[in-house]
Number of protein chains: 2
Amino acid sequence: MEDEVDRLVAAWRRERPDLDVEPLEVLSRVSRLARHLDRARRLAFSEHNLEPWEFDVLTALRRAGTPYQLSPGQLLTQTLVTSGTMTNRIDRLAKKGLVERLPDPSDRRGVLVRLTDEGRDRADRSLAGLLAQERAILAELSRAQRGELAALLRQLTAPFDNIPG
Amino acid sequence: MEDEVDRLVAAWRRERPDLDVEPLEVLSRVSRLARHLDRARRLAFSEHNLEPWEFDVLTALRRAGTPYQLSPGQLLTQTLVTSGTMTNRIDRLAKKGLVERLPDPSDRRGVLVRLTDEGRDRADRSLAGLLAQERAILAELSRAQRGELAALLRQLTAPFDNIPG
DNA sequence: GTTGACTGTCTTGACGTCGAGAGAGTGTGG
DNA sequence: CCACACTCTCTCGACGTCAAGACAGTCAAC
């Protein structure tokens, strides 16, 4: 089955036969698929009255385990946003009663963001919804193919995640 | 090599052993990698004084071939943005002299967006830069692996690209 | 020809993100 | 113990995106 990137690559080969556009076969697909996923997630979360960015923060805290708290800095590296954005997100989530800010007892510059009980419930319920949706998207592939795909992607993400950049 | 998604999945297995989080192995990596790619592209384009969104529009027109023109609607499907966003992008590119708006001779509702000579040069020059950067990122994989990865991703993107959604 | 559904583009207002930098606090080397 | 470089969070203004809807134009059925 052909996709939009096949058409894109064919067009470049016609217009710029002097260039090797093979990299686009992988990375343009990654970018476009991510964009489609964003849209699908937005739709799935709207049933739970959650925005994708809210999900990202709440689940990062949920994953941390009891007592469900992380510093803003730790949340940054997990969600790949800037510090200004995270301050804003925490403000809005706190106003909705899903998280609360506590002073970090061991560093007076620092802050700890803690999930409230309601925040924890919202995180748990929306995760199940997300997984159902993602399973449907991945039904195109066999279990073995999904494993291969995950392994190949890991090779590309690992350098970004480990060499801090 | 471990990546952030490995840590994320391990955390869920500890916190929610009742759930099957296998889908995250693939789709969280796609989302995170796309985010890293965005940042890298922004950096690469800044050498050419171009924003990623400008690149997306200019190259879509460049790929169309002589006379380098497409309707706003065609640009929408290629760039996955909404119509309001595209209107705004075209306005800004027109103000910079990289594209111009022409009335569509065959449909008076319609508009054609055409690349100017300078727009074309910018598209061509920045594409080469992007490809170089992407080649570096993909050097982690063998040629055969890149082919496999592209094929697996195509299976996931094709439904989105073909069933209009 | 008119009607009515549809299409293509643009307008508007709200929202979220970013980049740059400020301010408070830490901790190490001299 | 003091300076200085560094870390952490927050502030601010500019910007780009989105969703919803307005509006003009098209086209097929009658």
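Chain A is the first sequence line, chain B the second, and so forth, proteins listed ahead of strands; every chain is numbered from 1. Please read these numbers as outputs of a predicted model, since none were measured by experiment.
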### Task
Give the intermediate values and the outcome of salt bridge (charged side-chain N to carboxylate O under 4.0 Å, His left out) for residues B/R32 and A/D161.
CA-CA 9 Å; B/R32 287 185 65 91; A/D161 283 344; 3.4 Å; yes
Rounded to whole angstrom units, what separation is found between the [atom1] atom of [X] and the [atom2] atom of [N]?
X	N	atom1	atom2	answer
A/L70	D/dT9	CG	C1'	15 Å
A/L112	D/dC8	CG	C1'	12 Å
B/W53	C/dC18	CH2	P	17 Å
A/E51	D/dC18	CD	P	13 Å
B/K96	D/dC15	NZ	P	12 Å
B/D107	D/dG25	CG	P	10 Å
B/M86	C/dT7	CE	P	20 Å
B/L76	D/dT17	CG	P	12 Å

### Side-chain donor/acceptor of A/R42 to backbone N/O of A/D38, under 3.5 Å
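The answer is no, because no donor-acceptor pair under 3.5 Å joins these two groups.
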### Query
Is there a donor and acceptor pair, one atom on the side chain of B/S83 and one on the base of C/dC10, closer than 3.5 Å?
yes
### Query
Is it the case that one hydrophobic cluster holds both A/L33 and B/L24, taking links as side-chain heavy atoms less than 4.5 Å apart, direct or via other members?
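A/L33 does not cluster with B/L24.
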### Task
Mind checking A/N88 for me? I need base, sugar-phosphate or nothing, with any heavy atom below 4.0 Å counting as a touch.
base
### Task
Would you indicate what A/G73 reaches in the nucleic acid, counting non-hydrogen atoms under 4.0 angstrom: base, sugar-phosphate, or nothing?
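Contact class for A/G73: sugar-phosphate only.
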[N] OP1/OP2 closer than 4.0 Å to side-chain N/O of [X]:
X	N	value
A/R89	D/dC10	no
A/R101	D/dT9	no
A/R35	D/dC18	yes

### Query
Which of these passes salt bridge (Lys or Arg N to Asp or Glu O under 4.0 Å) with B/E15: A/R62, A/R120, A/R63?
A/R62
### Query
Nearest to the side chain of B/P72 - D/dA19, C/dT9, D/dT17?
C/dT9
### Task
Consider the side chain of B/T87, meaning its heavy atoms from C-beta on, and name the nucleotide among C/dG19, C/dT11, D/dT17 that approaches it most closely.
C/dT11
### Task
Would you mind telling me which residue lines up with the more 5' stretch of DNA chain C, A/V81 or A/R108, judged by nearest nucleotide?
A/V81
### Query
Does the side chain of B/R122 reach to within under 4.5 Å of the side chain of B/N49, using non-hydrogen atoms?
yes
### Message
Both B/T85 and B/R109 contact DNA chain D. Taking the nearest nucleotide for each, which residue is further toward the 5' end?
### Response
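Here B/T85 is the residue nearer the 5' end.
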